[in-house]
Amino acid sequence: MERVRLEKSATEAVDEYLEYRRIVGDDDGGALFTPEQYEAYKRKMIPQRMKNRLFVSFGVPGSIDCRLVGPETQCFCSHRYKQHKTDFEEVPSERPLTLPCKVAGCQCVAYEYVPQNGSVQVRCRCKHLPEDHSEAAGHSCKKCQCPGFESPAGCGCGQPNTSHKTLVETKAERTARGFPVGQDVPYAAMGGLTGFSCLDRYLNLQCNGAGAASHPDVPEQTRTKIGKRS
């Protein structure tokens with residue numbers, strides 16, 4: 001296989017674009033910000049994210065986090081976490097916190113993690129997939145009379161998926177529970193990632209959230225930067 005080599009200037013340009021995309025996400029509407037717009041965006045959004053970042057996880061209430069949600073983690077509505085509202089000037093006081101989907105036409109009112117068996121989505125008791133159910137609250141099945149999605153599958157922690165919940169919490173709330181919050185970062189929709197070292201926390205109960213291990217939700221450049229800070 002032929003290798004493609006980039007000049008240093010080209011490599012730097014790619015790195016700068018990736019950094020831009022991680023900070024801005026889809027907020028530019030598909031048209032790149034001008035340098036002035038980009039700097040103005042960072043001046044507004046980065047302090048806001050440092051102050052009001054939300055941590056998202058999936059697990060049994062009062063127990064460990066079985067899954068930490070990242071930017072690319074899929075919601076029940078089939079859209080990614082990064083496609084939901086994740087930035088707030090002021091965090092709402094109501095609990096539970098709900099993060100509605102921003103994709104036009106989607107009826108999802110709150111991000112909800114869908115458990116998987118490896119790379120395969122678990123099925124409902126009615127034998128149909130999550131995509132066969134409505135993304136609206138209640139998740140009624142579109143193919144049968146099933147009143148709502150409920151999977152009989154079990155989690156690697158030993159508990160059934162039905163005993164798990166998607167939790168959205170502030171940094172203060174997560175710290176109060178004794179869970180790691182990792183490094184403050186300027187990137188959009190980081191969710192529960194606290195150092196990129198443990199998406200499946202039941203596989204590593206000693207994880208402190210400050211590592212820089214590989215994960216598909218996290219680009220290599222970002223892992224390297226955070227790892228150097230740790």
Do any side-chain atoms of residues 116-127 form donor-acceptor pairs under 3.5 angstrom with protein atoms, and if so which ones, sequence neighbours left out?
from: Arg123; atom 1: NH1; to: Lys127; atom 2: O; distance (Å): 2.7
from: Arg125; atom 1: NE; to: Glu150; atom 2: OE1; distance (Å): 2.7

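Linking ILVMFWY side-chain heavy atoms closer than 4.5 Å, directly or via other members, places Phe58 and Phe76 in two distinct hydrophobic clusters. A continuous path of Ile, Leu, Val, Met, Phe, Trp and Tyr side chains, each step under 4.5 Å between heavy atoms, connects Tyr111 with Phe88, placing both in one hydrophobic cluster. Taken together through direct or relayed side-chain contacts under 4.5 Å among Ile, Leu, Val, Met, Phe, Trp and Tyr, Val103 and Leu99 form parts of separate hydrophobic clusters. Transitive grouping of hydrophobic side chains (ILVMFWY, heavy atoms separated by less than 4.5 Å) brings Val91 and Val69 into a common cluster. Grouping the Ile, Leu, Val, Met, Phe, Trp and Tyr side chains by contacts below 4.5 angstrom, directly or via other members, places Leu193 with Ile23.
Phe179 does not carry Arg174 over the face of its six-membered ring by the limits of under 6.0 Å from the centre and within 45° of the normal.
For Arg80, the salt bridge (Lys or Arg N to Asp or Glu O under 4.0 Å) test picks out no residue, with sequence neighbours left out. When the side-chain hydrogen bond (donor to acceptor under 3.5 Å, both in side chains) test is applied to Lys44, no partner is found at least two apart in sequence or on another chain. Partners of Glu131 by side-chain hydrogen bond (donor to acceptor under 3.5 Å, both in side chains), not counting sequence neighbours: none found. In this view, Ser78 and Gln74 satisfy the side-chain contact (heavy atoms from CB on, under 4.5 Å) rule, not counting sequence neighbours. Judged as a side-chain contact (heavy atoms from CB on, under 4.5 Å), and not counting sequence neighbours, the contacts of Ala136 are Gln107, Ser134. When the side-chain contact (heavy atoms from CB on, under 4.5 Å) test is applied to Leu32, the partners found at least two apart in sequence or on another chain are Tyr17, Tyr20, Arg21, Asp28. With sequence neighbours left out, Pro160 forms a side-chain contact (heavy atoms from CB on, under 4.5 Å) with Thr162, Ser163. For Lys165, there are no salt bridge (Lys or Arg N to Asp or Glu O under 4.0 Å) partners two or more places apart in sequence or in a different chain. In this structure, the side-chain hydrogen bond (donor to acceptor under 3.5 Å, both in side chains) partners of His139, at least two apart in sequence or on a different chain, are Glu112.
Heavy atoms only, all atoms of each residue included: Leu129 and Phe149 are closest at C-CE1, 4.2 Å. Scanning all heavy atoms of the two residues, the minimum distance from Cys141 to His128 falls at SG-ND1, 3.3 Å. Considering all non-hydrogen atoms of both residues, Cys77 and Glu135 come closest at CB-CB, 3.7 Å. Between Pro47 and Lys42, the shortest heavy-atom distance links the atoms CD-O, 3.5 Å. Here the closest non-hydrogen pair linking Cys75 and Ala110 is SG-O, 4.2 Å.
A distance of 11.0 Å separates CE of Met190 from CD of Gln183, quoted to the nearest 0.5 Å. One distance of note links NE2 of His79 with SG of Cys108; it measures 9.0 Å at 0.5 Å rounding. Atoms SG and NE2, on Cys101 and His84 in that order, are 4.0 Å from each other to the nearest 0.5 Å. For the atom pair NZ of Lys82 and CG of Asp26, the computed distance is 6.0 Å after rounding to the nearest 0.5 Å. Between the CZ atom in Arg67 and the CG atom in Leu167 there is a gap of 15.5 Å [rounded to 0.5 Å].
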>> Quick one, Tyr113 with Val56, criterion side-chain contact (heavy atoms from CB on, under 4.5 Å). Give me CA distance, side-chain angles, the key distance, then yes/no.
In response: CA-CA 9 Å; Tyr113 174 72; Val56 185; over 6 Å; no

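Within the structure, the side-chain hydrogen bond (donor to acceptor under 3.5 Å, both in side chains) test picks out the following pairs touching residues 88-105 (sequence neighbours left out): Arg95-Glu173. Within the structure, every pair that satisfies the side-chain hydrogen bond (donor to acceptor under 3.5 Å, both in side chains) test and touches residues 46-59, not counting sequence neighbours, is listed here: Tyr41-Arg49, Arg49-Asp87, Ser57-Asp65.
By the 4.0 Å N-to-carboxylate-O rule, Asp132 lies too far from Lys142 to be salt-bridged with it.
Distance alone, capped at 3.5 Å, places no donor-acceptor pair between the Glu19 side chain and the Glu16 backbone. Judged by distance alone, the side chain of Asn161 and the main-chain N or O of Ala153 form a donor-acceptor pair under 3.5 Å.
Looking only at side-chain heavy atoms (C-beta outward), Val24 and Phe33 come within less than 4.5 Å of each other.
Applying side-chain contact (heavy atoms from CB on, under 4.5 Å) to Glu39 and the options Gln37, Arg43, Glu36 leaves one that passes, Arg43.
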